[in-house]
Amino acid sequence: MPKPRVIYWFRTDLRLHDSPALNVALNLHPDCLYPVWTWDPHYVYRARVGSNRWQYLLECQADLSKSITELNPQSKLLLIREAPQTVFPKLFKAWKITHLVFEKDTDAYARERDGEVVKLAEEAGVKVLIKCGRTLYDPDLLVQANNGKPTMSISQVQAAAKKLGPVPRPIPAPTSLPSPGDTSLPFSQSKPAPSPDLNSNHRSTTDESYANLAGPNNDFAIPTLHELGINEATTPHHGGETLALQQLDKILTNKTYTATFEKPKTAPTDFEPQATTLLSPHLHFGSLSVRQFYWGVQDTIAVYHGTPSTPPTSLIGQLLFRDMYFGAQASLGHAFSHTHNNPQCRFIPWHLPSTISPATNRPTDTYTIDSPQAEEWFSRWRDGRTGFPFVDALMRQLRTEGWIHHLGRHLLACFLTRGGCYISWERGAAVFEEFLLDHEVACNAGNWQWLSCTAFYSQYYRCYSPVAFGRKWDREGRFVKRYVPELEAYGEKFIYEPWKAPRADQRKWKCLVGGDGMSIEENGVKVYPKPMFDFGERRDVCLKGMKKAYEVGLYGDDERVLDGRWRELFGEDDVGDTGGESGQVGNDDVEADEDGQGHEPSARKGKKDPASGKGKGKGKDGHKREASQSTLDGMFTRNKKKK
DNA sequence: GATGTAGTTGTCCCT
DNA sequence: AAGGGACAACTACAT
């Protein structure tokens with residue numbers, strides 16, 4: 001029996017510590033070990049990746065390669081610029097490989113790709129060893145323990161996890177690594193088709209990713225952003241196992257923080273330092289092992305003198321949610337990433353729905369503009385110029401830094417979907433995919449479904465207010481001012497609703513409120529956009545739409561959703577009325593509205609039918625509210641245009 | 001099967 | 001000024 005010659009294929013596991021798959025490879029006691037990364041065109045062109053995440057990936061790779069070389073000066077990460085499906089058969093032959101080892105990836109695309117690679121390996125007589133290491137539990141086993149069904153609630157995850165037994169303890173990093181053998185590449189490179197390139201908006205120079213199989217110097221080096229044609233990154237957050245372990249250590253050192261963490265009590269407005277761990281990008285790239293984190297927290301809790309927090313809001317709870325989304329995706333596959341054909345996802349007639357390809361019966365990269373108004377709202381949301389300072393601040397933080405607090409993501413998602421624009425969650429998910437450093441297919445799709453109340457969560461009447469939510473955490477608006485600096489001089493009273501500030505004050509504070517955010521300065525004075533709609537009105541429209549859609553009760557796999565007959569079940573008014581012209585307050589010119597008082601959003605207008613609720617006790621409190629409500633209505637409907 | 005209860009992460013008004 | 005209660009009113013799960 002010849003000694004094993006192993007390719008270790010790095011993908012979702014850019015680390016040496018606690019890598020079950022790497023451990024399996026080393027336990028083969030191989031004659032040689034090739035640490036390989038293949039530059040998969042799917043992620044280069046077909047997934048949405050902005051410059052910040054590109055940089056983060058390269059940093060993870062560089063740190064890993066350095067650590068490999070520290071263990072063995074003959075070794076490093078061998079970065080090969082070709083699709084795995086075409087390059088592996090050639091490598092197997094050239095390097096006389098006996099084993100291919102990698103960490104299991106249950107993302108829908110990855111499963112298809114890995115299936116092909118496994119088949120090619122078998123054809124080449126190469127043994128394949130796959131080990132789960134990306135989540136607390138193997139998502140497929142989690143699904144199995146959940147009676148074969150997708151994990152759709154945290155209690156299901158906890159029950160299934162109980163059957164699977166305790167999370168394995170982390171494995172220490174290896175202290176030595178075998179050298180690779182001969183690394184010559186006696187074959188030609190198959191270049192991928194570079195189009196369509198979903199990341200062209202992040203490139204400003206020529207893309208040379210695939211110029212040479214082993215890079216410009218033929219040394220398997222990690223590319224630079226420049227070689228990829230990608231613009232310079234702007235994020236302060238950096239990747240790599242070394243940083244990840246330092247960051248984890250820092251968190252665990254603060255025992256009270258670790259043991260009593262409660263997500264809902266962390267402030268989305270905190271910056272420097274942020275209120276949460278910022279470990280999610282490290283978990284995404286595998287530069288931090290999730291089990292290392294898990295046991296670090298559990299061991300801290302075990303000796304903590306005090307009452308520790310518990311799932312679902314604790315740090316452990318956060319990791320369980322992550323496993324829940326992985327379990328849902330593992331079970332549902334591609335369908336989990338969209339509504340179409342997804343049996344767990346409610347059908348809501350959102351604006352800007354994904355276009356379905358008849359050939360693949362899956363959504364394409366494009367969507368239908370069913371409403372020019374919705375398209376305008378979408379682009380203003382995406383650019384951070386909605387006119388709601390907290391929304392825009394979060395969006396700008398996301399775009400420049402690649403990370404925002406979880407609750408900030410909630411607000412953005414609620415605002416775009418059921419609590420404002422009534423636009424498909426799939427549009428928002430695509431934007432988060434582009435900009436988030438920690439973008440994880442399963443978690444992103446899952447969280448967007450959660451917040452849009454299409455799956456996992458259903459309390460659509462709980463609607464985030466773009467004004468009150470930020471103010472609750474940060475009265476003075478320090479966070480807003482950091483990311484929307486044109487509002488620097490605005491005080492507590494108007495920082496979350498600058499359109500209410502009197503014109504004279506707007507001038508004094510050197511920032512006028514008006515327009516749609518396309519101009520940021522006029523005659524030397526800064527300009528911040530007017531809110532793009534009256535939030536109170538939009539909330540009412542959305543709530544009504546959601547109520548109707550819940551009554552209709554269609555899911556993504558319903559025949560009537562697939563063939564368009566769903567329209568028969570909704571009235572004209574139920575399809576997310578964008579309010580035509582009456583709902584819009586964004587296009588007035590800067591000098592309009594001199595007193596600054598005209599666009600007070602209407603308070604929620606009187607409940608349609610306060611008496612008919614199945615409610616117990618709508619008692620005196622209700623009456624009081626009615627009374628004060630009508631007063632407010634009298635005040636605020638004054639300037640409203642008629643429908 | 002009916003009924004009751006709890007659900008990671010709201011808002012508003014009141015004290 | 002933090003904190004409690006009413007309110008919105010659906011779904012999953014337990015009994």
Side-chain angles (χ1 to χ4, degrees), chain A residues 146-147 149-159 260-270 275-276 309-325 344-346 348 390 404-415 418-420 443 446-447 449-473 475 492 496 535-536 539-540 542-544 546-553 555 601 603-629 631-632:
Chain A
N146 190 43
N147 308 314
K149 289 182 298 211
T151 41
M152 298 305 290
S153 75
I154 206 67
S155 52
Q156 285 173 8
V157 172
Q158 286 171 306
T260 64
F261 179 97
E262 287 177 82
K263 184 58 143 284
K265 292 189 181 163
T266 58
T269 50
D270 280 3
T276 53
S309 54
T310 52
T313 55
S314 64
L315 284 175
I316 297 297
Q318 305 312 302
L319 295 182
L320 292 174
F321 276 112
R322 183 170 175 270
D323 266 46
M324 174 180 81
Y325 290 137
Q344 298 290 334
C345 183
R346 281 180 183 279
I348 315 276
F390 190 46
I404 54 176
H405 187 280
H406 190 71
L407 296 178
R409 301 179 196 198
H410 278 206
L411 176 74
L412 289 180
C414 179
F415 186 88
R418 66 185 168 86
C443 300
N447 277 319
Q449 287 171 59
W450 185 299
L451 266 300
S452 61
C453 288
T454 48
F456 300 100
Y457 187 70
S458 54
Q459 290 171 250
Y460 57 77
Y461 45 84
R462 288 199 166 182
C463 184
Y464 290 85
S465 149
V467 171
F469 191 64
R471 186 177 277 158
K472 168 172 144 187
W473 300 99
R475 242 196 133 61
E492 218 170 271
Y496 287 99
F535 177 72
R539 179 178 50 192
D540 287 349
C542 289
L543 268 173
K544 213 174 117 228
M546 292 300 289
K547 191 172 162 60
K548 176 70 180 178
Y550 265 66
E551 276 165 22
V552 171
Y555 284 80
R604 200 176 340 176
K605 271 163 267 108
K607 290 159 261 172
K608 300 278 130 57
D609 188 4
S612 79
K614 16 183 159 162
K616 20 194 174 186
K618 287 253 166 190
K620 48 188 163 182
D621 184 68
H623 285 302
K624 249 193 233 156
R625 194 184 303 277
E626 281 303 301
S628 65
Q629 203 67 63
T631 317
L632 288 174

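Below, chains carry the letters A, B, ... as their sequence lines are ordered, and counting in each starts from 1. Given the structure is predicted, the values throughout are model-derived calculations rather than measurements.
- With C1' as the reference atom, C:dT15 and B:dG1 are 12 Å apart, rounded to whole Å.
- Of the candidate nucleotides C:dC13, B:dT8, C:dC10, C:dC10 has the atom lying nearest to any side-chain atom of A:Y461.
- For A:Y457 and C:dA12, the OH to C1' distance is 14 Å, given to the nearest whole Å.
- Regarding A:K547, its NZ atom lies at a distance of 14 Å from the C1' atom of C:dT11, rounded to whole Å.
- The distance from atom CD of A:Q459 to atom P of B:dA6 is 14 Å, rounded to the nearest whole Å.
- When the side-chain nitrogen and oxygen atoms of A:R409 are compared with OP1 and OP2 of B:dT9, none of them lie within a distance under 4.0 Å.
- Candidate nucleotides B:dC12, C:dC10, B:dT8 were compared by shortest atom distance to the side chain of A:Y460, and C:dC10 ranks first.
- Atom NZ of A:K544 and atom P of C:dA8 are 18 Å apart (whole Å).
- Between the OH atom of A:Y464 and the P atom of B:dT8 there is a distance of 13 Å, rounded to whole Å.
- The pairing partner recorded for C:dT11 is B:dA6, the criterion being a Watson-Crick or G-U wobble arrangement whose two distances lie under 3.5 angstrom.
- Here B:dT8 is the nucleotide among C:dC10, B:dT8, C:dC13 with the atom lying nearest to any side-chain atom of A:P264.
- In this structure, A:Y550 does not pack face-to-face on the six-membered ring of C:dC10, missing the 5.5 Å centre cutoff or the 30° plane limit.
- The residue among A:S465 and A:I154 whose nearest nucleotide of DNA chain B lies closer to the 5′ end is A:I154.
- If you take NE2 on A:H410 and OH on A:Y457, they are separated by 9.0 Å, rounding to the nearest 0.5 Å.
- Pairing each heavy atom of A:P150 with each of A:Q156, the nearest pair is O-OE1, 3.6 Å.
- A straight line from CE of A:M152 to C1' of C:dC13 spans 15 Å, rounded to a whole angstrom.
- Between A:Y550 and A:Y460, the ring-plane angle classifies as tilted under the 30° and 60° cut-offs.
- A:S314 has no side-chain polar atom (N or O) that falls below the 4.0 Å cut-off from OP1 or OP2 of B:dT8.
- Nucleic acid contact for A:W450: base, since at least one base atom lies under 4.0 Å from a heavy atom of the residue.
- When the P atom of B:dG10 is taken as reference, atom CZ of A:R418 falls 10 Å away, rounded to whole Å.
- Under the 3.5 Å distance criterion, the side-chain polar atoms of A:R409 are matched with a main-chain donor or acceptor of A:I404.
- Computed from coordinates, the A:F415 CZ to B:dG10 C1' distance equals 16 Å when rounded to whole Å.
- In this structure, the salt bridge (Lys or Arg N to Asp or Glu O under 4.0 Å) partners of A:K265, at least two apart in sequence or on a different chain, are A:E262.
- If you take atom C1' in B:dA6 and the same atom in C:dA9, they sit 14 Å apart, rounded to whole Å.
- Picking from C:dT11, B:dT11, C:dC13 the nucleotide with the shortest atom distance to the side chain of A:F469 gives B:dT11.
- Base pairing annotation: C:dA2 forms a Watson-Crick or G-U wobble pair with B:dT15, both donor-acceptor distances under 3.5 Å.
- When the side-chain nitrogen and oxygen atoms of A:Q156 are compared with OP1 and OP2 of C:dC13, one or more of them lie within a distance under 4.0 Å.
- Counting heavy atoms from C-beta outward, A:F535 and A:C463 have side chains that approach closer than 4.5 Å.
- Residue A:S153 places its side chain closer to C:dC13 than to any other of C:dC13, B:dG10, C:dC10.
- Listed nucleotides: C:dT11, B:dG7, B:dC12. Nearest to the side chain of A:R346: C:dT11.
- Using a 4.0 Å cut-off, no side-chain N or O of A:R462 falls inside it from OP1 or OP2 of B:dT11.
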